[in-house]
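Following: one structure in structure tokens, then a few remarks.
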Amino acid sequence: MTTLTHAGDTLTRNALAVLQPGFDGTATVPDWVRHRIDEGLASVSLFGRNVRTAEQVAALTAQLRAHRDDLLIAIDEESGDVTRLEVRTGSSYPGNHALGAVDDTTLTREVAADLGRRLAACGINFNWAPSADVNANPDNPVIGVRSFGSDPDLVARHTAAYVEGMQSSGVATSAKHFPGHGDTAIDSHHSVPVIDVDRDVLNSRDLAPFRAALAAGTRAVMSAHVLAPALDPDNPGTLSRRILTGLLREEFGYEGLIVTDGMDMQAIAGTYGFERGCVLAIAAGADAICTGGGPSDEGTVLRLRDAFVAAVRSGELSEERLADAADRVRALAGWASVSGAAERSGGAPDTGIGLIAARRALTVTRGENYAAPVTEAPFVATFSPLPNIAVGDETPWGVTAELERRLPGTESATYSGDGSGTQALAAAGTRRIVAVVRDAHRHAWMADALRTLVAARPDTVVVEMGVPQSAPVGALHIATRGAARVCGEAAAEVIVAG
């Protein structure tokens, strides 16, 4: 139990310490962030809006660290489709689904360590990754290629390898989304998903990778805004004392940091209210509040600070629970400030391991109409679904840029909705068609477009950059298992080489 002195000042400092807010800007840390650090803020978060180049991020984090060396600087850098550090170019590393398909834990460990060195060189010491979710529902709209796969044992061993690799670089990991977000058909950015299976299924499937992450020494676990009635029929994971304290702390014996998923997501903010949801999360056993994906202003931080102070004074939140949460944040900040120092000074050499992994993850199927590789500038038809909120819409994906580099004159267009296949045929003319899709099995219009193209042009090349659930079609079908830049590069190599 934490002993409190100077109650007012300590209470305010603890209320700030549990927040992990974002801010706007790429060149200069706002004055309000500096002031709140002086008053007790122990963490900040970086998002795509803060990133231009690696060198620029390093300069930005150096400003923060000059103000307070033991500061947690967090980012949501899963690699693959979800990248913040390379938000404008696409990731240099494939994501979890590609690594799971290769199923070489040494490779997963090396990729995570390489990414960790790159983060550390930028001054980042806390990564909200890896996703430890088992993608049990192929129609899952938000996890998909962010998961290592649908087999719990495979997901468990690669989650552990990722944790070991990244933390070897001095960057703390956060296995997510506890107790599991894989068996959902709803995105918690929009509303509260329900995983309605019994405890035995949760134990053997969804919880297994988290036990592996704990055994591997993960420094943090991120909660899910998901309702699992077998664990708690009334509260989603982020707000559930039964799940965060009863299961994770007491049953699993976990002593590290518990951080929430973004509290501005509608599953929480739209259901319980933003400020109240944050108070309920700390009361349930969370230690750190992720707030900066949407709101990124000083007013948000002050409102949340005041909400915690008011909740303590009203008796809704115990002062001891808030102090314990703040102490856990400071403890992780202390570990990260020491563990990441050597990597920050050593830099991050480019090993090329990301492209190596992306190449190994490809599945290439040559159909009966395959005759030759693409050697002249093709027409690339990209069939794009609505963007996954976790991925965002800033990051480029596909194979167009890589084919343009290899075959100058390559032309392209992006399509969506009914009739897309007919539109693409008309635009392509006589050029060879390369059709790029993402989770074709989840979008009837996309599957129809492929059928239209392949029926009219049997030499069509198809590149599936999502979860490859549909049967391969086309003269050449390439499954990349993710839309990272290196996945597009690996696919382009095959398209032009055959």
Side-chain angles (χ1 to χ4, degrees), residues 76-84 91 93-101 108 127-156 158-159 162 173-197 201-202 205-210 212-213 221-228 236-238 259-262 265-268 290 293 361 385-392 395 397 438-443 464-470 479-484 487:
D76 189 9
E77 182 58 52
E78 296 179 14
S79 73
D81 290 30
V82 179
T83 178
R84 309 300 180 225
S91 181
Y93 306 89
N96 286 3
H97 200 60
L99 295 172
T108 296
N127 191 12
W128 293 324
S131 169
D133 303 302
V134 178
N135 198 49
N137 186 343
D139 290 326
N140 194 310
V142 67
I143 301 301
V145 294
R146 301 168 66 196
S147 167
F148 288 111
S150 58
D151 176 71
D153 291 338
L154 180 146
V155 176
H158 285 277
T159 297
Y162 188 105
T173 57
S174 181
K176 63 186 184 184
H177 307 81
F178 187 83
H181 204 318
D183 190 13
T184 64
I186 294 173
D187 183 348
S188 54
H189 288 87
H190 300 299
S191 60
V192 180
V194 179
I195 301 182
D196 199 6
V197 298
V201 172
L202 289 171
R205 185 189 66 186
D206 301 86
L207 294 173
F210 291 99
V221 172
M222 177 177 280
S223 66
H225 308 329
V226 170
L227 188 68
T238 295
V259 59
T260 70
D261 204 349
M265 294 163 62
Q266 288 303 298
I268 300 298
C290 172
L386 290 173
N388 179 326
I389 292 178
V391 175
T395 306
W397 66 282
R438 206 169 183 172
D439 290 342
H441 69 283
R442 293 201 302 112
H443 306 284
E464 168 62 83
M465 304 195 83
V467 178
Q469 288 287 127
S470 301
T480 64
R481 295 179 171 83
C487 295

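Computed from a predicted structure; not experimentally measured.
Counting all heavy atoms, side chain and backbone alike, I268 lies closest to P236 at CD1-CG, 4.3 Å. The nearest pair of heavy atoms linking P209 to A132 is CB-O, 3.3 Å. The minimum heavy-atom distance linking P179 with F210 is given by the pair C-CE1, 3.9 Å. In plain terms, the two heavy atoms of S174 and V259 that are nearest each other are OG-CG1, 3.3 Å. The two residues L154 and G100 have their closest heavy-atom pair at CD1-O, 3.5 Å.
S79 places a side-chain N or O within 3.5 Å of a backbone atom of P94 that can act as its donor or acceptor partner. No donor-acceptor distance shorter than 3.5 angstrom exists from the side chain of T260 to the backbone of S223, with no hydrogens or angles considered. In this structure, N96 contributes its side chain and S131 its backbone to a donor-acceptor pair below 3.5 Å. Side chain of S147 to main chain of D133: a donor-acceptor pair is present (N/O by atom type, distance under 3.5 Å, no hydrogens or angles). At least one donor-acceptor pair under 3.5 Å links the side chain of E464 to the backbone N or O of D439.
With hydrogens and angles left out, the side-chain atoms of H225 and T238 include a donor and acceptor closer than 3.5 Å.
With values rounded to the nearest 0.5 angstrom, M465 atom CE is found 4.0 Å from T480 atom OG1. Within the model, atoms CZ of R146 and CG of D81 stand 9.0 Å from one another, a figure rounded to the nearest 0.5 Å. Atoms CG and CZ, on D206 and F178 in that order, are 10.0 Å from each other to the nearest 0.5 Å. Rounded to the nearest 0.5 Å, atoms OG (S470) and NE2 (H443) are 10.0 Å apart.
Taking 4.5 Å as the limit, every side-chain heavy atom of H177 sits out of range of all side-chain heavy atoms of V226. A 4.5 Å side-chain heavy-atom check between C290 and M265 finds every atom pair outside the cut-off. With contacts defined as side-chain heavy-atom distances shorter than 4.5 Å, the pair C487/R481 does not qualify.
In terms of the side-chain hydrogen bond (donor to acceptor under 3.5 Å, both in side chains) criterion, residue partners of D76 (sequence neighbours excluded) are, by chain and number, R84, K176. Judged as a side chain to side chain contact (heavy atoms under 4.5 Å, CB included), and not counting sequence neighbours, the contacts of R205 are V134, A136, P152, D183, I195, V197, V201. Taking T108 as the reference, L99, F148, H158, A161, Y162 meet the side chain to side chain contact (heavy atoms under 4.5 Å, CB included) condition, with sequence neighbours excluded.
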TODO: Step by step, work out the side chain to side chain donor-acceptor pair (under 3.5 Å) result for N140 and T184.
DONE: CA-CA 6 Å; N140 194 310; T184 64; 3.2 Å; yes

Task: Intermediate values then yes/no, side-chain contact (heavy atoms from CB on, under 4.5 Å), N127 and E78 - done: CA-CA 8 Å; N127 191 12; E78 296 179 14; over 6 Å; no

TODO: Report the C-alpha distance between E77 and T83 in whole Å, list the side-chain angles of each, state the deciding distance to 0.1 Å, and finish with yes or no for side chain to side chain donor-acceptor pair (under 3.5 Å).
DONE: CA-CA 5 Å; E77 182 58 52; T83 178; 3.0 Å; yes

